[in-house]
Amino acid sequence: MHRLTLAQIARGLAAKDFSSVELTEALLTRIGALDPQLNSFITVTADQARAQAQAADARRAAGESGALLGAPIAHKDLFCTQGVRTSCASKILDNFVAPYDATVVEKLAAAGCVSLGKLNMDEFAMGSANESSHYGPVRNPWNTECVPGGSSGGSAAAVAARLIPAATGTDTGGSIRQPAALTNLTGLKPTYGRVSRWGMIAYASSLDQGGPLARSAEDCALLLGAMAGFDPKDSTCVDQPVEDYLAALNQPLAGLRIGLPREYFGAGLDPRLSDAVMACVEELKKLGATIKEIGLPNMQHAIPAYYVIAPAEASSNLSRFDGVRFGYRCENPQNLEDLYKRSRGEGFGAEVKRRIMVGTYALSAGYYDAYYLKAQKIRRLIRSDFIAAFQEVDLILGPTTPNPAWKLGEKSSDPVAAYLEDIYTITANLAGIPGLSMPAGFVDGLPVGVQLLAPYFQEGRLLNVAHQYQQATDWHQRAPEGF
């Protein structure tokens, strides 16, 4: 049963081929046997999952239906989950048990999803390799000596290894799309405001967005349909109807205009990944798409702008973790100042401290205009580039990452090298547009992803193109050996 996709599970449950309880037990057994090799879970909620599965089966027996009723998933460990530890993979929240459900958790529970636990991640979602977790690094099931990408690396590794059919993730600068590319999954970052951020522990509030990771575009469409929608508790959530993403999957691609930004194919891109992207382009042309070269002239400024804006917002958001109200508290503080300093110093990891320091510096008196304000101006220029490009084309296509997965520890001593792995994904977050990564081949046995970007609230178009591509190829169906 572990080989079934989310859509196949939905059909199997509806046909009574198996029950949610049977499926849940099978996956819990598999997690217990295989996850020690990957470290993808922080917390496995076996008892809760069994209770939810029994409830889902009872709802079906009573005549209720629903594609996700009884379907097992798991959540990235920054979505607050009532009664369950929500750690953000940080020592400072190691003992924090959320008193409420995040809106995403609440919506998926209402749809009948069975949550098997909380997934490992980079600490406070800060990282591109899932190596900064307090609970240890996550390993890539395609090669356990390699990283799975980050920060949603636990979500990606668990789905790629068939421990769960789908998972939630979050994307601040590529943290859904990049691990999806490195583990042969489909990952979608929705438009900013499409999915509620309420109950999602914040890293950078103007960039964070929740979304699905799964093995196919069809599975992502199923999950996004339940996750998306207006939430009055989130002031940044947009009050706009949620389209039927499944209904959009089978539209033909005839006449679709796809843009290839010349800036995506420069010196930093592994030529083998470039070849995979162009092979994907040829396949989409066979399906009826037309290709046009475009320009995104301000893309070169994306990395420096992002690494001013995101740390600045992080320094503000993480100020609440002070050892006073909840979370880790140092032992025997001498006074209030000592409590603050040692609780934060002992509770946060190196990457989080680095970004807090960078952000605090960028916001400090005398530097705000020089750094933060200028970065926001660049952000507006990047957004304008996309708006202009979408006057000429319907979608933008390119590589998701410049390289395949790298070895664990390879970039640990050089943070900038790791930051550059997000060069193609960051711009979508700065502009707030939706983006999707889909499997498109392999290099040295490691997966390669292709990224699609669309205008605001056109997630349905992204899923449609990815689904049509996946009907014509089988990259997304390949599984890592041993899993």
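Position 1 is the first residue of the sequence, and the numbers go up from there. Because the structure is predicted, anything quoted here is derived from the model rather than measured. Atoms considered below: every heavy atom in the structure, side chains included; atoms not considered: hydrogens, waters and symmetry mates.
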- Task: Applying side chain to side chain contact (heavy atoms under 4.5 Å, CB included), run through F442 and V448 and close with a yes or a no.
- Result: CA-CA 5 Å; F442 290 83; V448 170; 5.7 Å; no
- Kindly indicate, with the supporting measurements, whether the criterion side chain to side chain contact (heavy atoms under 4.5 Å, CB included) is fulfilled by K107 and S196. CA-CA 10 Å; K107 279 177 170 283; S196 173; 5.7 Å; no
- Message: Set out, in order, the CA-CA distance, both residues' side-chain angles and the distance that settles side chain to side chain contact (heavy atoms under 4.5 Å, CB included) for L273 and V443, then state yes or no.
- Response: CA-CA 8 Å; L273 271 70; V443 167; 4.0 Å; yes
- Task: Carefully, step by step, assess K411 and D414 under the rule salt bridge (Lys or Arg N to Asp or Glu O under 4.0 Å).
- Result: CA-CA 5 Å; K411 299 181 189 291; D414 186 359; over 6 Å; no
- Check step by step if side chain to side chain contact (heavy atoms under 4.5 Å, CB included) holds for M299 and Y264. CA-CA 9 Å; M299 178 185 153; Y264 281 11; 3.2 Å; yes
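You'll find the side chain of L68 reaches within 4.5 Å of the side chain of L223, heavy atoms only. Between Y245 and H467, the closest side-chain pair of non-hydrogen atoms is not below 4.5 Å. Inter-residue side-chain proximity for R194 and Q209 is flagged as met; some heavy-atom pair is nearer than 4.5 Å. In this structure, P439 and R215 have side chains that are not in contact, with every pair of non-hydrogen atoms separated by 4.5 Å or more. Counting heavy atoms from C-beta outward, L108 and H75 have side chains that approach closer than 4.5 Å. Side-chain atoms of L38 and T144, non-hydrogen and from C-beta on, do get closer than 4.5 Å to each other. Here the side chains of L23 and P72 are in contact, with some heavy-atom distance below 4.5 Å. Residues P402 and L420 fail the side-chain proximity criterion, which asks for heavy atoms closer than 4.5 Å.
Using modelled atom types, no side-chain atom of N298 and backbone atom of I382 make a donor-acceptor pair closer than 3.5 Å. The closest donor-acceptor contact from the side chain of D35 to the backbone of S40 lies under 3.5 Å. Side chain of T81 to backbone of F79: a donor-acceptor contact under 3.5 angstrom is found. Here the side chain of R162 pairs a donor or acceptor atom with the backbone of A160 at under 3.5 angstrom. The backbone N or O of P148 sits nowhere less than 3.5 Å from a side-chain atom of N130 that would complete a donor-acceptor pair. With hydrogens and angles ignored, the 3.5 Å screen pairs a side-chain donor or acceptor of S315 with a backbone N or O of A312. Judged by distance alone, the side chain of Q52 and the main-chain N or O of S115 form a donor-acceptor pair under 3.5 Å. For the pair S437 (side chain) and Q451 (backbone), a donor-acceptor distance under 3.5 Å is absent. The closest donor-acceptor contact from the side chain of W142 to the backbone of P480 lies at 3.5 Å or more, if one exists at all. A donor-acceptor pair under 3.5 Å is absent between the side-chain atoms of D444 and the main chain of L446, judged by distance alone.
With respect to the salt-bridge test (charged N to carboxylate O, under 4.0 angstrom), the residues R355 and E351 qualify.
Between the side chains of T191 and E459, a donor-acceptor pair is found at a separation under 3.5 Å. Side-chain N/O atoms of D77 and S87 include a donor and acceptor closer than 3.5 Å. In this structure, a donor-acceptor pair under 3.5 Å is absent between the side chains of T45 and K118. Judged by distance alone, the side chains of E123 and S90 do bring a donor and an acceptor atom under 3.5 Å apart. When only modelled atom types and interatomic distance are considered, T5 and E218 share no side-chain donor-acceptor pair under 3.5 Å.
For the pair K353 and F348, the cation does not sit on the ring face, since its NZ or CZ is not both under 6.0 Å from the ring centre and inside 45° of the axis.
Test N120, D94, N39 against Y135 for side chain to side chain donor-acceptor pair (under 3.5 Å) and you get one pass: D94. For the salt bridge (Lys or Arg N to Asp or Glu O under 4.0 Å) with D171, the lone residue among K189, R177, K76 that qualifies is R177.
Annotation for G83 and V97: closest pair C-CG1, 3.4 Å, computed over non-hydrogen atoms. Considering all non-hydrogen atoms of both residues, L182 and A405 come closest at CD2-N, 3.6 Å. Taking both residues in full, the closest heavy atoms of L188 and G435 are given as CD1-O, 3.3 Å, listed atom of the first, atom of the second, then distance. Here the shortest heavy-atom pairing between G112 and A56 reads O-CB, 4.2 Å. The nearest pair of heavy atoms linking S155 to G169 is OG-CA, 4.5 Å. Minimum heavy-atom separation, T170 to L78: CG2-CD1, 3.3 Å.
The distance from atom CG of L269 to atom OG1 of T401, rounded to the nearest 0.5 Å, is 8.5 Å. Separating the CD1 atom in I258 from the NZ atom in K285 is a distance of 10.5 Å, to the nearest 0.5 Å. Interatomic distance, CG of N317 versus OG of S205, reported as 3.5 Å (0.5 Å rounding). Between the CG atom of L296 and the CG atom of L260 there is a distance of 11.0 Å, given to the nearest 0.5 Å. For the atom pair CD1 (I164) and CG (L119), the distance works out to 5.0 Å, reported to the nearest 0.5 Å. One distance of note links CG of N184 with CH2 of W475; it measures 9.0 Å at 0.5 Å rounding.
More than 12 heavy atoms of other residues, nucleotides or ligands shown are found within 6.0 angstrom of OH on Y328. Within a 6.0 Å radius of CZ in R383, no more than 12 heavy atoms belonging to other residues, nucleotides or ligands are found.
With sequence neighbours excluded, the residues that form a side chain to side chain contact (heavy atoms under 4.5 Å, CB included) with Q468 are N250, L253, L287, N464.
Ring pair F321/F124: centre-to-centre distance below 6.0 Å.
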